[in-house]
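Everything on this sheet refers to the single structure shown next.
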Amino acid sequence: MSLAVIIGLAGAAQAQNAEIEATIGGQIEAFLVDDFDRAFSFASPNIQRVFRTPESFGAMVKGGYPMVWRPSNVRFLELREISGAVWQKVMITDGKGRAHILDYQMIEQESGWKINAVQVLDSSGASA
């Protein structure tokens with residue numbers, strides 16, 4: 001492979017990384033101001049079908065993922081592909097200073113990257 005091809009691939013990966021981080025970050029910013037309509041817009045069509053309304057989606061996040069609803073710090077970790085799916089690992093520190101590691105499954109749509117699933121990998125409560 002030529003150096004130009006390698007640099008081109010690295011540039012494409014960085015652009016993808018930035019777009020994915022912007023999607024997740026945009027959703028978190030929307031949660032911080034309780035803009036559930038905007039937060040819902042970052043969810044994949046599958047997630048939107050399951051929750052049907054921004055309000056029910058917001059209630060699920062507030063109840064099930066409070067660290068995402070009100071984080072004090074967000075740090076993007078590695079982006080990986082697992083069995084053809086794209087996963088972005090994120091460390092979120094909640095308002096009490098506890099670190100949580102979450103994995104966001106991302107899917108690319110015509111309109112850009114969307115969040116298709118979120119799972120908590122580690123919520124040990126250790127300080128960040």
Side-chain angles (χ1 to χ4, degrees):
M1 217 183 273
S2 75
L3 183 58
V5 171
I6 292 170
I7 291 171
L9 291 173
Q14 284 180 329
Q16 174 182 309
N17 225 11
E19 291 168 11
I20 287 171
E21 289 179 11
T23 297
I24 296 168
Q27 186 179 65
I28 290 171
E29 288 171 10
F31 284 133
L32 282 169
V33 295
D34 291 335
D35 187 346
F36 297 121
D37 288 330
R38 184 164 172 257
F40 197 54
S41 75
F42 292 102
S44 71
N46 290 338
I47 298 298
Q48 291 182 0
R49 272 191 293 279
V50 169
F51 292 99
R52 298 184 184 208
T53 69
E55 294 76 24
S56 65
F57 178 68
M60 178 277 298
V61 171
K62 284 170 71 172
Y65 299 88
M67 74 290 280
V68 173
W69 178 56
R70 289 294 186 264
S72 67
N73 188 46
V74 176
R75 192 169 97 205
F76 292 94
L77 305 175
E78 64 269 13
L79 178 67
R80 293 115 49 247
E81 185 176 323
I82 302 169
S83 301
V86 175
W87 291 89
Q88 174 67 58
K89 195 177 284 189
V90 181
M91 183 171 74
I92 296 178
T93 305
D94 65 23
K96 295 179 181 175
R98 292 180 301 215
H100 307 268
I101 306 296
L102 289 86
D103 226 356
Y104 283 74
Q105 183 188 44
M106 305 299 295
I107 59 168
E108 192 168 20
Q109 304 281 287
E110 283 184 24
S111 59
W113 287 94
K114 299 292 182 181
I115 299 165
N116 196 49
V118 178
Q119 59 185 8
V120 177
L121 298 179
D122 180 24
S123 194
S124 63
S127 294

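Side chains included, hydrogens not; waters and symmetry mates left out as well; all remaining heavy atoms used. Since the structure is predicted, the reported quantities are computational estimates derived from the model, not experimental observations.
- Of all the heavy atoms in Met91 and Ala99, the pair that sits closest is SD-CB, 4.1 Å.
- The number of heavy-atom neighbours closer than 6.0 Å to CZ of Arg80, taken from other residues, nucleotides and ligands shown, is above 12.
- Panel note: side chain Gln109, backbone Ser44; no donor-acceptor pair is recorded below 3.5 Å.
- Taking the side chain as every heavy atom from C-beta outward, Met67 and Leu102 approach each other to under 4.5 Å.
- Annotation: side chain of Val120 is in contact with side chain of Tyr65 (closest heavy-atom distance under 4.5 Å).
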Between Met106 and Ile24, does a side chain to side chain contact (heavy atoms under 4.5 Å, CB included) hold up when you go through it step by step? CA-CA 9 Å; Met106 305 299 295; Ile24 296 168; 4.0 Å; yes
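- A 4.5 Å side-chain heavy-atom check between Pro54 and Asp35 finds every atom pair outside the cut-off.
- Heavy-atom minimum distance, Arg38 versus Gly26: NH1-O, 3.4 Å.
- Smallest separation of non-hydrogen atoms from Ala43 and Gln27: N-NE2, 4.2 Å.
- Two different hydrophobic clusters hold Ile20 and Ile107 under the rule that ILVMFWY side chains link at heavy-atom gaps under 4.5 Å.
- No side-chain heavy atom of Thr93 sits under 4.5 Å from any side-chain heavy atom of Arg75.
- By the 4.5 Å heavy-atom criterion applied to side chains, Glu29 and Phe42 are not counted as neighbours.
- Within the 3.5 Å criterion, the main-chain N or O of Asp94 finds a donor-acceptor partner in the side chain of Ser72.
- Counting all heavy atoms, side chain and backbone alike, Ala39 lies closest to Ala30 at N-CB, 3.5 Å.
- Ring geometry, Phe57 versus Phe51: the interplanar angle exceeds 60°, so the pair is classed perpendicular (tilted spans 30 to 60°).
- By the 4.5 Å heavy-atom criterion applied to side chains, Ile92 and Val68 are counted as neighbours.
- At a threshold of 4.5 Å between side-chain heavy atoms, the hydrophobic network of Ile, Leu, Val, Met, Phe, Trp and Tyr places Trp87 and Val74 in two separate groups.
- A heavy-atom distance below 4.5 Å is found between the side chains of Leu77 and Ile101.
- Put simply, the side chain of Glu55 reaches to within 4.5 Å of the side chain of Asp37, judged on heavy atoms.
- Atoms NZ and OH, on Lys114 and Tyr104 in that order, are 15.0 Å from each other to the nearest 0.5 Å.
- Between Phe40 and Arg52 the shortest heavy-atom distance is CZ-C, 4.0 Å.
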